[in-house]
Protein chains: 2
Amino acid sequence: MVTIRDVAKHAGVSPATVSRVVNGLVGYSDETRERVETAVQSLSYETDYLARGLKTRQTSVIGLLAPMVSDALASQVMQGVEEEAQERGYAVMLGRTGAKSAYIAGYLRTLRTYRAAGVILISAVITPETRQLLGPNVPIISVAISDKSGSPSVAIDDEQAAYDATRHLLRLGHRRIGQLTGDPASIYVAQPRKRGYPRHDRSRLHPGDRHRQLLLRKRRRRRGRTAAAGARPHRDLRDERRDGRRRRQ
Amino acid sequence: MVTIRDVAKHAGVSPATVSRVVNGLVGYSDETRERVETAVQSLSYETDYLARGLKTRQTSVIGLLAPMVSDALASQVMQGVEEEAQERGYAVMLGRTGAKSAYIAGYLRTLRTYRAAGVILISAVITPETRQLLGPNVPIISVAISDKSGSPSVAIDDEQAAYDATRHLLRLGHRRIGQLTGDPASIYVAQPRKRGYPRHDRSRLHPGDRHRQLLLRKRRRRRGRTAAAGARPHRDLRDERRDGRRRRQ
DNA sequence: CTGAAAGCGCTTACAG
DNA sequence: CTGAAAGCGCTTACAG
(Lines give C-alpha, C1' and ligand atoms only; values in the text may rest on other atoms or scores of the structure.)
Protein backbone atom coordinates (compact mmCIF):
# COMPACT_ATOMS: atom_id res chain seq x y z
CA MET A 1 0.00 0.00 0.00
CA VAL A 2 1.22 3.46 -0.90
CA THR A 3 1.58 5.61 2.18
CA ILE A 4 2.12 9.24 2.78
CA ARG A 5 5.78 8.48 3.45
CA ASP A 6 6.21 7.04 -0.01
CA VAL A 7 4.77 10.16 -1.52
CA ALA A 8 6.96 12.29 0.69
CA LYS A 9 10.07 10.46 -0.39
CA HIS A 10 9.08 10.65 -4.03
CA ALA A 11 8.46 14.38 -3.81
CA GLY A 12 11.43 15.13 -1.61
CA VAL A 13 9.39 16.63 1.21
CA SER A 14 8.24 15.55 4.65
CA PRO A 15 5.11 13.53 5.32
CA ALA A 16 3.71 16.54 7.15
CA THR A 17 3.88 18.58 4.00
CA VAL A 18 2.22 15.87 1.95
CA SER A 19 -0.57 15.78 4.47
CA ARG A 20 -1.01 19.51 4.21
CA VAL A 21 -1.22 19.46 0.45
CA VAL A 22 -3.52 16.47 0.32
CA ASN A 23 -5.87 18.08 2.79
CA GLY A 24 -5.76 21.45 1.12
CA LEU A 25 -4.38 23.24 4.15
CA VAL A 26 -2.15 26.28 3.99
CA GLY A 27 1.57 26.43 4.35
CA TYR A 28 3.47 25.38 1.25
CA SER A 29 4.81 26.93 -1.89
CA ASP A 30 3.24 26.44 -5.27
CA GLU A 31 6.26 24.49 -6.36
CA THR A 32 5.98 22.14 -3.40
CA ARG A 33 2.32 21.61 -4.07
CA GLU A 34 3.03 20.66 -7.64
CA ARG A 35 5.75 18.22 -6.70
CA VAL A 36 3.49 16.57 -4.17
CA GLU A 37 0.57 16.37 -6.57
CA THR A 38 2.76 14.78 -9.18
CA ALA A 39 3.97 12.22 -6.71
CA VAL A 40 0.40 11.49 -5.58
CA GLN A 41 -0.58 10.92 -9.19
CA SER A 42 2.29 8.74 -10.24
CA LEU A 43 2.07 6.56 -7.15
CA SER A 44 -1.72 6.73 -7.17
CA TYR A 45 -1.70 7.46 -3.50
CA GLU A 46 -4.96 7.14 -1.62
CA THR A 47 -5.53 8.47 1.87
CA ASP A 48 -6.09 5.76 4.43
CA TYR A 49 -9.41 6.68 6.01
CA LEU A 50 -8.85 4.42 8.95
CA ALA A 51 -5.59 6.10 9.92
CA ARG A 52 -6.98 9.53 9.32
CA GLY A 53 -10.09 8.76 11.31
CA LEU A 54 -8.09 7.40 14.19
CA LYS A 55 -6.11 10.58 14.37
CA THR A 56 -8.83 13.12 13.73
CA ARG A 57 -11.49 11.21 15.66
CA GLN A 58 -13.88 11.52 12.77
CA THR A 59 -14.62 9.66 9.57
CA SER A 60 -16.76 10.47 6.57
CA VAL A 61 -19.19 7.75 7.47
CA ILE A 62 -22.79 8.59 8.10
CA GLY A 63 -25.17 6.13 9.65
CA LEU A 64 -28.56 5.55 8.08
CA LEU A 65 -31.06 3.68 10.21
CA ALA A 66 -34.41 2.54 8.84
CA PRO A 67 -37.13 0.30 10.25
CA MET A 68 -36.56 -2.05 7.36
CA VAL A 69 -34.21 -1.77 4.45
CA SER A 70 -36.91 -2.89 2.06
CA ASP A 71 -39.51 -0.54 3.50
CA ALA A 72 -41.15 1.49 0.74
CA LEU A 73 -40.70 4.91 2.28
CA ALA A 74 -37.29 4.12 3.70
CA SER A 75 -36.06 2.94 0.30
CA GLN A 76 -36.84 6.29 -1.22
CA VAL A 77 -35.20 8.20 1.57
CA MET A 78 -32.19 5.94 1.51
CA GLN A 79 -31.79 6.43 -2.18
CA GLY A 80 -31.78 10.19 -1.72
CA VAL A 81 -29.44 10.11 1.23
CA GLU A 82 -27.06 7.88 -0.62
CA GLU A 83 -26.96 10.14 -3.64
CA GLU A 84 -26.21 13.24 -1.65
CA ALA A 85 -23.73 11.46 0.58
CA GLN A 86 -21.73 10.15 -2.30
CA GLU A 87 -21.75 13.55 -3.97
CA ARG A 88 -20.21 15.03 -0.84
CA GLY A 89 -17.71 12.30 -0.20
CA TYR A 90 -19.52 10.51 2.59
CA ALA A 91 -19.99 6.80 2.93
CA VAL A 92 -23.33 5.48 4.13
CA MET A 93 -23.51 2.77 6.74
CA LEU A 94 -26.76 0.88 6.97
CA GLY A 95 -28.73 -0.19 9.99
CA ARG A 96 -32.19 -1.36 10.96
CA THR A 97 -34.18 -0.05 13.84
CA GLY A 98 -36.47 -3.00 13.23
CA ALA A 99 -38.88 -4.60 15.60
CA LYS A 100 -36.41 -5.22 18.37
CA SER A 101 -35.19 -1.90 19.63
CA ALA A 102 -32.25 -3.71 21.20
CA TYR A 103 -30.78 -3.80 17.74
CA ILE A 104 -30.61 -0.09 17.38
CA ALA A 105 -28.29 0.16 20.36
CA GLY A 106 -25.84 -2.12 18.63
CA TYR A 107 -25.85 -0.05 15.47
CA LEU A 108 -25.38 3.15 17.37
CA ARG A 109 -22.42 1.68 19.20
CA THR A 110 -20.92 0.52 15.95
CA LEU A 111 -21.40 3.93 14.42
CA ARG A 112 -19.73 5.59 17.34
CA THR A 113 -16.71 3.36 17.22
CA TYR A 114 -16.40 3.96 13.49
CA ARG A 115 -16.47 7.60 14.43
CA ALA A 116 -19.43 8.37 12.22
CA ALA A 117 -19.79 12.00 11.22
CA GLY A 118 -23.54 11.88 11.77
CA VAL A 119 -26.62 9.71 11.90
CA ILE A 120 -29.91 9.83 10.03
CA LEU A 121 -32.84 8.11 11.66
CA ILE A 122 -35.83 7.17 9.52
CA SER A 123 -39.18 6.72 11.24
CA ALA A 124 -37.64 6.37 14.65
CA VAL A 125 -37.82 8.51 17.74
CA ILE A 126 -34.64 9.95 19.19
CA THR A 127 -34.56 8.86 22.79
CA PRO A 128 -32.15 10.01 25.48
CA GLU A 129 -30.55 6.61 25.14
CA THR A 130 -29.91 7.27 21.45
CA ARG A 131 -28.10 10.42 22.35
CA GLN A 132 -26.13 8.73 25.06
CA LEU A 133 -25.01 5.77 22.95
CA LEU A 134 -23.79 8.01 20.20
CA GLY A 135 -21.95 10.47 22.40
CA PRO A 136 -22.59 14.19 22.54
CA ASN A 137 -20.73 15.14 19.38
CA VAL A 138 -22.52 13.17 16.70
CA PRO A 139 -25.33 15.07 15.01
CA ILE A 140 -28.58 13.19 14.62
CA ILE A 141 -31.30 13.95 12.13
CA SER A 142 -34.66 12.27 12.13
CA VAL A 143 -36.71 11.76 9.01
CA ALA A 144 -40.47 11.15 8.80
CA ILE A 145 -40.90 11.86 12.49
CA SER A 146 -40.64 15.40 13.68
CA ASP A 147 -38.32 15.49 16.63
CA LYS A 148 -39.21 17.31 19.83
CA SER A 149 -35.90 16.78 21.57
CA GLY A 150 -34.00 19.49 19.78
CA SER A 151 -32.50 17.57 16.87
CA PRO A 152 -33.27 18.74 13.37
CA SER A 153 -35.86 16.66 11.62
CA VAL A 154 -37.38 16.34 8.18
CA ALA A 155 -41.02 15.44 8.43
CA ILE A 156 -44.50 16.42 7.47
CA ASP A 157 -47.18 17.66 9.85
CA ASP A 158 -48.95 14.36 10.30
CA GLU A 159 -51.97 15.86 11.99
CA GLN A 160 -52.44 18.34 9.20
CA ALA A 161 -51.90 15.59 6.64
CA ALA A 162 -54.65 13.48 8.17
CA TYR A 163 -56.86 16.53 8.17
CA ASP A 164 -56.09 17.31 4.55
CA ALA A 165 -56.59 13.77 3.36
CA THR A 166 -59.92 13.60 5.08
CA ARG A 167 -60.94 16.95 3.66
CA HIS A 168 -60.10 15.74 0.22
CA LEU A 169 -62.47 12.83 0.58
CA LEU A 170 -65.15 15.01 2.11
CA ARG A 171 -64.92 17.38 -0.82
CA LEU A 172 -65.43 14.50 -3.16
CA GLY A 173 -68.65 13.88 -1.30
CA HIS A 174 -67.66 10.81 0.63
CA ARG A 175 -69.12 10.39 4.10
CA ARG A 176 -68.08 6.94 5.14
CA ILE A 177 -64.38 7.39 5.61
CA GLY A 178 -62.15 4.96 7.41
CA GLN A 179 -58.78 5.87 8.84
CA LEU A 180 -55.93 3.46 9.24
CA THR A 181 -53.55 5.11 11.65
CA GLY A 182 -51.52 2.11 12.64
CA ASP A 183 -51.18 0.87 16.18
CA PRO A 184 -50.45 3.88 18.40
CA ALA A 185 -48.31 1.64 20.60
CA SER A 186 -45.77 0.95 17.89
CA ILE A 187 -46.45 3.52 15.17
CA TYR A 188 -45.40 6.88 16.44
CA VAL A 189 -47.35 8.91 13.90
CA ALA A 190 -50.64 7.17 14.73
CA GLN A 191 -51.44 9.78 17.37
CA PRO A 192 -51.21 12.92 15.28
CA ARG A 193 -53.03 11.18 12.47
CA LYS A 194 -55.80 10.32 14.84
CA ARG A 195 -56.00 13.90 15.95
CA GLY A 196 -56.10 15.33 12.46
CA TYR A 197 -59.05 13.34 11.27
CA PRO A 198 -61.85 14.44 13.63
CA ARG A 199 -61.00 18.10 13.41
CA HIS A 200 -63.54 18.24 10.63
CA ASP A 201 -67.09 19.41 10.94
CA ARG A 202 -69.85 20.11 8.47
CA SER A 203 -69.25 23.79 8.21
CA ARG A 204 -65.76 23.19 6.81
CA LEU A 205 -67.04 21.45 3.74
CA HIS A 206 -66.25 23.29 0.60
CA PRO A 207 -69.45 24.91 -0.68
CA GLY A 208 -68.47 24.60 -4.33
CA ASP A 209 -68.77 20.86 -4.08
CA ARG A 210 -72.53 20.69 -3.74
CA HIS A 211 -73.11 19.62 -7.30
CA ARG A 212 -70.62 16.83 -7.20
CA GLN A 213 -72.04 15.61 -3.94
CA LEU A 214 -75.46 15.34 -5.46
CA LEU A 215 -74.10 13.25 -8.26
CA LEU A 216 -72.31 10.99 -5.88
CA ARG A 217 -75.39 10.56 -3.77
CA LYS A 218 -77.40 9.40 -6.76
CA ARG A 219 -74.73 6.98 -7.78
CA ARG A 220 -74.56 5.64 -4.26
CA ARG A 221 -78.28 5.02 -4.15
CA ARG A 222 -78.03 3.01 -7.33
CA ARG A 223 -75.30 0.84 -5.76
CA GLY A 224 -77.34 0.61 -2.61
CA ARG A 225 -77.00 -3.08 -1.96
CA THR A 226 -73.28 -3.13 -2.56
CA ALA A 227 -72.73 -0.27 -0.18
CA ALA A 228 -74.82 -1.90 2.50
CA ALA A 229 -72.70 -5.01 2.24
CA GLY A 230 -69.53 -3.00 2.82
CA ALA A 231 -67.51 -3.14 6.01
CA ARG A 232 -68.87 -1.30 9.00
CA PRO A 233 -67.14 2.01 9.42
CA HIS A 234 -64.70 2.54 12.26
CA ARG A 235 -66.21 3.65 15.52
CA ASP A 236 -64.42 6.99 15.26
CA LEU A 237 -66.35 7.69 12.12
CA ARG A 238 -69.83 7.58 13.60
CA ASP A 239 -70.08 11.33 13.85
CA GLU A 240 -69.15 11.86 10.27
CA ARG A 241 -71.67 9.29 9.21
CA ARG A 242 -74.47 10.80 11.14
CA ASP A 243 -73.48 14.11 9.72
CA GLY A 244 -73.76 12.75 6.22
CA ARG A 245 -77.14 11.18 6.87
CA ARG A 246 -78.67 14.26 8.23
CA ARG A 247 -77.82 16.14 5.09
CA ARG A 248 -79.70 13.66 3.05
CA GLN A 249 -82.96 13.98 4.95
CA MET B 1 -13.17 7.52 25.51
CA VAL B 2 -12.27 4.37 27.37
CA THR B 3 -9.22 2.73 25.88
CA ILE B 4 -7.57 -0.58 26.32
CA ARG B 5 -5.02 1.10 28.62
CA ASP B 6 -7.75 2.19 30.99
CA VAL B 7 -9.02 -1.34 31.18
CA ALA B 8 -5.50 -2.63 31.69
CA LYS B 9 -4.87 -0.25 34.55
CA HIS B 10 -8.21 -1.08 36.13
CA ALA B 11 -7.54 -4.80 35.92
CA GLY B 12 -3.89 -4.57 36.87
CA VAL B 13 -2.61 -6.16 33.67
CA SER B 14 -0.96 -5.00 30.47
CA PRO B 15 -2.81 -3.71 27.43
CA ALA B 16 -1.56 -6.73 25.54
CA THR B 17 -3.37 -9.03 27.90
CA VAL B 18 -6.57 -7.04 27.67
CA SER B 19 -6.38 -7.31 23.92
CA ARG B 20 -5.95 -11.07 24.16
CA VAL B 21 -8.95 -11.49 26.41
CA VAL B 22 -11.15 -9.16 24.42
CA ASN B 23 -10.32 -10.99 21.22
CA GLY B 24 -10.71 -14.42 22.76
CA LEU B 25 -7.15 -15.48 22.04
CA VAL B 26 -5.23 -17.91 24.17
CA GLY B 27 -2.64 -17.14 26.80
CA TYR B 28 -4.09 -16.01 30.10
CA SER B 29 -5.29 -17.56 33.32
CA ASP B 30 -8.94 -17.84 34.20
CA GLU B 31 -8.40 -15.38 36.98
CA THR B 32 -6.89 -12.82 34.62
CA ARG B 33 -9.73 -13.24 32.21
CA GLU B 34 -12.25 -12.57 34.92
CA ARG B 35 -10.45 -9.48 36.16
CA VAL B 36 -10.30 -8.12 32.63
CA GLU B 37 -13.93 -8.88 31.92
CA THR B 38 -14.98 -7.14 35.09
CA ALA B 39 -12.97 -4.10 34.14
CA VAL B 40 -14.44 -4.10 30.64
CA GLN B 41 -17.90 -4.20 32.13
CA SER B 42 -17.51 -1.53 34.75
CA LEU B 43 -15.78 0.87 32.37
CA SER B 44 -18.06 -0.20 29.51
CA TYR B 45 -15.08 -0.46 27.25
CA GLU B 46 -15.69 -0.71 23.54
CA THR B 47 -13.09 -1.72 21.02
CA ASP B 48 -12.12 1.05 18.65
CA TYR B 49 -12.72 -0.45 15.23
CA LEU B 50 -10.67 2.19 13.52
CA ALA B 51 -7.58 1.46 15.54
CA ARG B 52 -8.05 -2.26 15.25
CA GLY B 53 -8.62 -2.01 11.53
CA LEU B 54 -5.54 0.09 11.06
CA LYS B 55 -3.45 -2.51 12.81
CA THR B 56 -5.00 -5.67 11.42
CA ARG B 57 -5.59 -4.24 7.96
CA GLN B 58 -9.17 -5.41 8.01
CA THR B 59 -12.48 -4.15 9.32
CA SER B 60 -15.87 -5.76 9.71
CA VAL B 61 -17.30 -3.60 6.99
CA ILE B 62 -18.81 -5.20 3.95
CA GLY B 63 -19.66 -3.22 0.89
CA LEU B 64 -23.04 -3.62 -0.76
CA LEU B 65 -23.38 -2.17 -4.22
CA ALA B 66 -26.71 -2.02 -6.01
CA PRO B 67 -27.82 -0.34 -9.23
CA MET B 68 -30.23 1.76 -7.21
CA VAL B 69 -30.94 1.69 -3.53
CA SER B 70 -34.66 1.87 -4.16
CA ASP B 71 -34.59 -0.84 -6.80
CA ALA B 72 -37.21 -3.51 -6.07
CA LEU B 73 -34.96 -6.52 -6.34
CA ALA B 74 -32.02 -4.80 -4.72
CA SER B 75 -34.11 -3.75 -1.74
CA GLN B 76 -34.95 -7.34 -0.99
CA VAL B 77 -31.38 -8.49 -1.32
CA MET B 78 -30.15 -5.59 0.75
CA GLN B 79 -32.59 -6.40 3.50
CA GLY B 80 -31.34 -9.97 3.61
CA VAL B 81 -27.70 -9.01 3.48
CA GLU B 82 -28.18 -6.51 6.23
CA GLU B 83 -29.89 -9.01 8.50
CA GLU B 84 -27.19 -11.59 8.14
CA ALA B 85 -24.41 -9.05 8.40
CA GLN B 86 -25.69 -7.61 11.62
CA GLU B 87 -26.16 -11.08 13.05
CA ARG B 88 -22.51 -11.81 12.38
CA GLY B 89 -21.16 -8.50 13.54
CA TYR B 90 -20.56 -6.90 10.20
CA ALA B 91 -21.47 -3.39 9.20
CA VAL B 92 -22.88 -2.76 5.75
CA MET B 93 -21.65 0.10 3.65
CA LEU B 94 -23.90 1.18 0.82
CA GLY B 95 -23.05 2.09 -2.74
CA ARG B 96 -24.67 2.52 -6.11
CA THR B 97 -23.40 1.10 -9.34
CA GLY B 98 -25.97 3.34 -11.02
CA ALA B 99 -25.99 4.55 -14.55
CA LYS B 100 -22.53 6.03 -14.51
CA SER B 101 -20.07 3.26 -14.03
CA ALA B 102 -17.52 5.87 -13.02
CA TYR B 103 -19.27 5.93 -9.67
CA ILE B 104 -18.56 2.35 -8.90
CA ALA B 105 -14.83 3.00 -9.01
CA GLY B 106 -15.21 5.59 -6.30
CA TYR B 107 -17.11 3.22 -4.06
CA LEU B 108 -14.61 0.47 -4.57
CA ARG B 109 -11.78 2.79 -3.66
CA THR B 110 -13.61 3.91 -0.56
CA LEU B 111 -14.27 0.33 0.43
CA ARG B 112 -10.64 -0.55 0.01
CA THR B 113 -9.42 2.29 2.14
CA TYR B 114 -11.92 1.37 4.84
CA ARG B 115 -10.42 -2.08 4.57
CA ALA B 116 -13.71 -3.74 3.82
CA ALA B 117 -13.82 -7.44 4.59
CA GLY B 118 -15.71 -8.13 1.40
CA VAL B 119 -17.98 -6.75 -1.27
CA ILE B 120 -21.36 -7.85 -2.55
CA LEU B 121 -22.32 -6.70 -6.00
CA ILE B 122 -25.96 -6.74 -7.01
CA SER B 123 -26.80 -6.91 -10.71
CA ALA B 124 -23.36 -5.83 -11.77
CA VAL B 125 -20.62 -7.59 -13.65
CA ILE B 126 -17.25 -8.07 -12.00
CA THR B 127 -14.72 -6.61 -14.37
CA PRO B 128 -10.95 -6.85 -14.15
CA GLU B 129 -11.05 -3.22 -13.09
CA THR B 130 -13.29 -4.11 -10.16
CA ARG B 131 -10.77 -6.63 -9.01
CA GLN B 132 -7.93 -4.22 -9.44
CA LEU B 133 -9.53 -1.33 -7.57
CA LEU B 134 -10.35 -3.52 -4.62
CA GLY B 135 -6.99 -5.20 -4.37
CA PRO B 136 -6.38 -8.94 -4.53
CA ASN B 137 -7.45 -9.77 -0.97
CA VAL B 138 -11.03 -8.59 -0.85
CA PRO B 139 -13.57 -11.28 -1.69
CA ILE B 140 -16.29 -10.28 -4.12
CA ILE B 141 -19.65 -11.92 -4.49
CA SER B 142 -22.07 -11.08 -7.24
CA VAL B 143 -25.80 -11.42 -6.85
CA ALA B 144 -28.40 -11.77 -9.61
CA ILE B 145 -25.69 -12.14 -12.23
CA SER B 146 -23.77 -15.36 -12.41
CA ASP B 147 -20.11 -14.56 -12.52
CA LYS B 148 -17.78 -16.19 -15.04
CA SER B 149 -14.57 -14.69 -13.70
CA GLY B 150 -14.16 -17.07 -10.80
CA SER B 151 -15.91 -15.17 -8.03
CA PRO B 152 -18.75 -16.88 -6.24
CA SER B 153 -22.14 -15.67 -7.31
CA VAL B 154 -25.73 -16.12 -6.29
CA ALA B 155 -27.97 -16.09 -9.30
CA ILE B 156 -30.56 -17.97 -11.23
CA ASP B 157 -30.05 -19.54 -14.61
CA ASP B 158 -31.56 -16.75 -16.66
CA GLU B 159 -31.71 -18.73 -19.84
CA GLN B 160 -33.52 -21.56 -18.10
CA ALA B 161 -35.82 -19.07 -16.41
CA ALA B 162 -36.80 -17.57 -19.73
CA TYR B 163 -37.38 -21.05 -21.03
CA ASP B 164 -39.49 -22.03 -18.02
CA ALA B 165 -41.56 -18.88 -18.09
CA THR B 166 -42.27 -19.38 -21.75
CA ARG B 167 -43.14 -23.00 -21.19
CA HIS B 168 -45.56 -22.01 -18.51
CA LEU B 169 -47.42 -19.79 -20.91
CA LEU B 170 -47.31 -22.39 -23.63
CA ARG B 171 -48.82 -24.94 -21.29
CA LEU B 172 -51.62 -22.55 -20.57
CA GLY B 173 -52.27 -22.62 -24.27
CA HIS B 174 -50.97 -19.19 -25.15
CA ARG B 175 -49.32 -18.77 -28.52
CA ARG B 176 -48.74 -15.06 -28.86
CA ILE B 177 -46.09 -14.49 -26.27
CA GLY B 178 -43.96 -11.37 -26.04
CA GLN B 179 -40.65 -11.22 -24.24
CA LEU B 180 -39.23 -8.13 -22.63
CA THR B 181 -35.56 -8.85 -22.13
CA GLY B 182 -34.30 -5.36 -21.59
CA ASP B 183 -31.70 -3.67 -23.74
CA PRO B 184 -28.83 -6.14 -24.23
CA ALA B 185 -26.43 -3.20 -24.26
CA SER B 186 -27.13 -2.21 -20.69
CA ILE B 187 -28.98 -5.16 -19.17
CA TYR B 188 -26.59 -7.99 -18.77
CA VAL B 189 -29.19 -10.72 -18.42
CA ALA B 190 -30.96 -9.75 -21.64
CA GLN B 191 -28.79 -12.16 -23.62
CA PRO B 192 -29.48 -15.37 -21.72
CA ARG B 193 -33.15 -14.47 -21.52
CA LYS B 194 -33.21 -14.06 -25.22
CA ARG B 195 -31.59 -17.43 -25.66
CA GLY B 196 -33.97 -19.22 -23.34
CA TYR B 197 -37.12 -18.21 -25.08
CA PRO B 198 -36.75 -19.71 -28.55
CA ARG B 199 -35.47 -23.04 -27.29
CA HIS B 200 -39.06 -24.16 -27.43
CA ASP B 201 -40.61 -26.24 -30.11
CA ARG B 202 -43.94 -28.01 -30.45
CA SER B 203 -42.76 -31.37 -29.29
CA ARG B 204 -41.82 -29.95 -25.90
CA LEU B 205 -45.36 -29.01 -25.08
CA HIS B 206 -46.74 -30.93 -22.21
CA PRO B 207 -49.12 -33.53 -23.58
CA GLY B 208 -51.41 -33.36 -20.56
CA ASP B 209 -52.35 -29.87 -21.49
CA ARG B 210 -54.31 -30.74 -24.61
CA HIS B 211 -57.66 -30.35 -22.98
CA ARG B 212 -56.90 -26.96 -21.54
CA GLN B 213 -55.58 -25.81 -24.89
CA LEU B 214 -58.79 -26.72 -26.61
CA LEU B 215 -60.76 -24.71 -24.10
CA LEU B 216 -58.51 -21.72 -24.56
CA ARG B 217 -58.78 -21.92 -28.29
CA LYS B 218 -62.54 -21.79 -28.13
CA ARG B 219 -62.45 -18.85 -25.82
CA ARG B 220 -60.01 -17.09 -28.05
CA ARG B 221 -62.23 -17.53 -31.07
CA ARG B 222 -65.05 -15.94 -29.19
CA ARG B 223 -62.90 -12.90 -28.41
CA GLY B 224 -61.70 -12.83 -31.97
CA ARG B 225 -61.94 -9.17 -32.65
CA THR B 226 -60.23 -8.15 -29.45
CA ALA B 227 -57.34 -10.45 -30.13
CA ALA B 228 -56.95 -9.13 -33.63
CA ALA B 229 -56.75 -5.63 -32.30
CA GLY B 230 -53.90 -6.58 -29.96
CA ALA B 231 -50.33 -5.52 -30.43
CA ARG B 232 -48.33 -7.25 -33.09
CA PRO B 233 -46.13 -9.90 -31.60
CA HIS B 234 -42.39 -9.41 -31.47
CA ARG B 235 -40.50 -10.50 -34.53
CA ASP B 236 -38.77 -13.23 -32.53
CA LEU B 237 -42.11 -14.81 -31.87
CA ARG B 238 -43.10 -15.50 -35.47
CA ASP B 239 -42.10 -19.13 -35.28
CA GLU B 240 -44.12 -19.78 -32.19
CA ARG B 241 -47.11 -18.16 -33.78
CA ARG B 242 -46.93 -20.12 -36.93
CA ASP B 243 -46.48 -23.15 -34.80
CA GLY B 244 -49.67 -22.40 -32.95
CA ARG B 245 -51.59 -21.78 -36.14
CA ARG B 246 -50.63 -24.99 -37.77
CA ARG B 247 -52.02 -26.89 -34.85
CA ARG B 248 -55.35 -25.33 -35.44
CA GLN B 249 -55.62 -26.25 -39.08
C1' DC C 1 7.13 27.70 4.13
C1' DT C 2 8.75 23.31 6.27
C1' DG C 3 10.12 19.20 9.21
C1' DA C 4 10.80 16.31 13.52
C1' DA C 5 8.15 14.34 16.82
C1' DA C 6 4.41 12.76 19.36
C1' DG C 7 0.40 10.25 19.47
C1' DC C 8 -4.54 8.44 17.95
C1' DG C 9 -5.91 3.02 20.05
C1' DC C 10 -5.03 -1.05 18.92
C1' DT C 11 -2.30 -5.85 17.90
C1' DT C 12 1.39 -9.05 17.82
C1' DA C 13 5.78 -11.06 17.39
C1' DC C 14 9.36 -11.41 20.81
C1' DA C 15 11.32 -12.48 25.05
C1' DG C 16 10.87 -14.20 29.37
C1' DC D 1 0.89 -17.04 31.29
C1' DT D 2 2.42 -12.16 30.68
C1' DG D 3 4.50 -7.56 29.40
C1' DA D 4 7.49 -4.09 26.80
C1' DA D 5 7.95 -2.44 22.48
C1' DA D 6 7.23 -1.54 17.83
C1' DG D 7 4.30 -0.07 14.42
C1' DC D 8 -0.28 0.33 11.46
C1' DG D 9 -0.79 5.47 8.47
C1' DC D 10 -2.10 9.48 9.42
C1' DT D 11 -2.37 14.67 11.58
C1' DT D 12 -0.92 18.62 14.07
C1' DA D 13 0.96 21.53 17.47
C1' DC D 14 5.61 23.14 17.93
C1' DA D 15 9.79 25.13 16.59
C1' DG D 16 12.40 27.18 13.30
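Computed from a predicted model, the values in this text were never measured in an experiment. Letters A, B, ... are given to chains in the order of the sequence lines, protein chains preceding strands, and every chain is numbered from 1.
- Each of C/dT12, D/dT2, D/dC10 was ranked by its minimum atom distance to the side chain of B/Leu25; first place goes to C/dT12.
- Here the P atom of nucleotide C/dG3 and the CD1 atom of A/Ile4 are 12 Å apart, to the nearest Å.
- Residue A/Thr47 has no polar side-chain atom (N or O) positioned under 4.0 Å from OP1 or OP2 of D/dG9.
- On a pure distance criterion of 3.5 Å, a polar donor-acceptor pair joins the side chain of B/Arg20 and the base of D/dG3.
- Judged by distance alone, the side chain of B/Ser123 and the main-chain N or O of B/Pro67 form no donor-acceptor pair under 3.5 Å.
- Residue-level contact check: A/Glu31 touches neither bases nor backbone, having no heavy atom under 4.0 Å from any strand.
- Of all nucleotides listed (C/dT11, D/dT2, D/dG9), C/dT11 comes nearest to the side chain of B/Lys55.
- Annotation: side chain of A/Asp158 is not in contact with side chain of A/Gln191 (no heavy-atom distance under 4.5 Å).
- Separating the C1' atom of C/dT12 from that of C/dG16 is a span of 16 Å, rounded to the nearest Å.
- Atom OH of A/Tyr28 and atom C1' of D/dG16 are 20 Å apart (whole Å).
- Side-chain nitrogen and oxygen atoms of A/Ser14 include none within less than 4.0 Å of the OP1 or OP2 phosphate oxygen of C/dA4.
- The side chain of A/Ser29 contributes an N or O atom lying less than 4.0 Å from OP1 or OP2 of C/dT2.
- Between the side chain of B/Arg57 and the base of D/dG9, no donor-acceptor pair under 3.5 Å is found.
- The CG atom of A/Asp48 lies 4.5 Å from the OG1 atom of B/Thr113; values are rounded to the nearest 0.5 Å.
- Using a 4.0 Å cut-off between charged side-chain N and carboxylate O, B/Asp164 and B/Arg167 make a salt bridge.
- Distances shorter than 4.0 Å separate none of the side-chain N or O atoms of A/Thr3 from OP1 or OP2 on D/dG9.
- A 3.5 Å limit on both hydrogen-bonding distances identifies no Watson-Crick or G-U partner for C/dA4.
- No engagement by A/Val26 is indicated, since no non-hydrogen atom pair under 4.0 Å with the nucleic acid exists.
- Minimum heavy-atom separation, B/Val92 to B/Ala85: CG2-CB, 3.6 Å.
- Using a 4.0 Å heavy-atom criterion, one finds that B/Glu46 contacts the sugar-phosphate atoms exclusively.
- At whole-Å resolution of the value, OH in A/Tyr45 and P in D/dG9 are 10 Å apart.
- Not a single donor-acceptor pair under 3.5 Å links the side chain of B/Thr47 to the backbone N or O of B/Tyr49.
- What separates CZ of B/Arg5 from C1' of D/dA6 is a distance of 13 Å, to the nearest Å.
- Two residues, B/Ala51 and B/Thr17, neighbour DNA chain D, and the one matched to the more 5' nucleotide by heavy-atom proximity is B/Thr17.
- In this entry the distance linking CG of B/Asp6 with P of C/dG9 reads 9 Å, nearest Å.
- Going from atom CG of A/Leu54 over to atom C1' of C/dA6 covers 13 Å, rounded to whole Å.
- Protein atom CZ of A/Arg112 is 13 Å distant from nucleotide atom P of C/dG9, rounded to whole Å.
- With a cut-off of 3.5 Å on both pairing distances, C/dA13 has no Watson-Crick or G-U wobble partner at all.
- Taking side-chain N and O atoms only, A/Thr32 has a distance below 4.0 Å to OP1 or OP2 of C/dT2.
- Atom OH of A/Tyr114 is separated from atom C1' of C/dC10 by 13 Å (rounded to the nearest Å).
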